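Okay, so here's the structure we're looking at.
All of these numbers come straight from a predicted model, not from anything done at the bench.
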Amino acid sequence: GQLDTTCHAFVGETVVLPCTTTPPGELTLSKSMLYWQIGTKELVHFFKNGQDSLEDQDEKFHGRTSLFLDQMKHGNLSLKISNVQLWDNAEYSCIYRQTENHQTKKSTIKLSVSAPPTTEEPPSPSEQNQIPSGSPMDVPHLAVLPLSFFLLVSLGFWHL
């Protein structure tokens with residue numbers, strides 16, 4: 001298969017893997033199937049007869065994939081993956097098959113996942129009420145400060 005496009009995402013982000021049918025026109029979703037898969041065995045998302053059919057979906061993707069149901073009949077077969085993980089890094093196939101005329105369209109999208117950037121990330125709500133931690137380089141100094149202060153005070157008393 002030929003690679004159609006490459007998408008990039010950081011861990012924790014939501015990414016949309018683009019897939020559209022051409023020429024644009026009304027698709028009969030009740031008479032079509034859409035497979036999103038990795039290789040031949042890993043089913044990422046399956047849509048048939050006008051609705052999602054996820055009982056065979058790979059468990060790694062449970063609750064993290066969705067299609068643009070309102071735009072599908074116009075040819076937008078893109079897949080949204082939320083909370084991207086490093087193991088989502090793969091080549092995805094978008095396979096659209098019409099059941100009446102057995103026409104199949106396939107495109108391949110590579111998803112490249114990177115670890116999240118470490119610079120100036122906004123804190124998540126769960127971390128906001130905690131003490132912000134600096135970079136790992138700052139931590140030893142913070143731990144040493146009270147100790148050296150204590151030593152200075154206690155040594156100061158000895159000299160009195």
Fill in: Contact summary for Pro116 and Val11, nearest pair of heavy atoms
CD-CB, 3.7 Å
Fill in: Stepwise side-chain contact (heavy atoms from CB on, under 4.5 Å) test for Val113 and Gln85
CA-CA 7 Å; Val113 182; Gln85 299 300 318; over 6 Å; no
Item to complete: Show the numbers, then the answer: is there a side-chain contact (heavy atoms from CB on, under 4.5 Å) between Leu79 and Val16?
Response: CA-CA 6 Å; Leu79 179 74; Val16 174; over 6 Å; no
Worksheet item: Could you give all pairs that pass the disulfide (SG to SG under 2.5 Å) test and reach residues 47-93, with sequence neighbours left out?
Response: none
Practice prompt. Indicate whether any N or O donor in one side chain lies under 3.5 Å from an N or O acceptor in the other, for Gln57 and Thr65.
Written response: yes
Worksheet entry | Test log, rule side-chain contact (heavy atoms from CB on, under 4.5 Å), inputs Ser93 and Tyr35 | CA-CA 8 Å; Ser93 297; Tyr35 298 85; over 6 Å; no
Discussion item. Checking side chain to side chain contact (heavy atoms under 4.5 Å, CB included) between Asp88 and each of Ile81, Asn83, Leu17, which is the one that passes?
Written reply: Ile81
Worksheet item: If you measure from the Lys or Arg side-chain nitrogens to the Asp or Glu carboxylate oxygens, is any gap between Lys110 and Glu91 under 4.0 Å?
Response: no
Item to complete: Could you tell me whether a side-chain N or O of Asp4 sits under 3.5 Å from a main-chain N or O of Thr108, the two making a donor and an acceptor?
Response: yes
Practice prompt. Would you mind listing the cluster partners of Leu54? Hydrophobic ones only (ILVMFWY), side-chain contacts under 4.5 Å, chaining allowed.
Written response: none
Worksheet item: Does any pair with a residue in residues 37-113 pass disulfide (SG to SG under 2.5 Å), and if so which ones, sequence neighbours excluded?
Response: Cys19-Cys94
Fill in: Considering all heavy atoms, the nearest Lys105-Gln103 contact
CE-NE2, 3.9 Å
Worksheet item: Which pair of heavy atoms, one from Ile109 and one from Cys7, lies closest together, and at what distance?
Response: CG2-SG, 3.9 Å
Practice prompt. Could you tell me whether the side chain of Gln71 and the main chain of Phe68 form a donor-acceptor pair under 3.5 Å?
Written response: no
Worksheet item: Can Asn49 and Gln51 be counted as having a side-chain donor-acceptor contact under 3.5 angstrom?
Response: no
Discussion item. If we ignore hydrogens and angles and just use 3.5 Å, is the side chain of Trp36 paired with the main-chain N or O of Leu77 as donor and acceptor?
Written reply: yes
Practice prompt. Assess whether side-chain contact (heavy atoms from CB on, under 4.5 Å) is satisfied between Met33 and Gln98, documenting all intermediate values.
Written response: CA-CA 6 Å; Met33 291 187 282; Gln98 290 175 320; over 6 Å; no
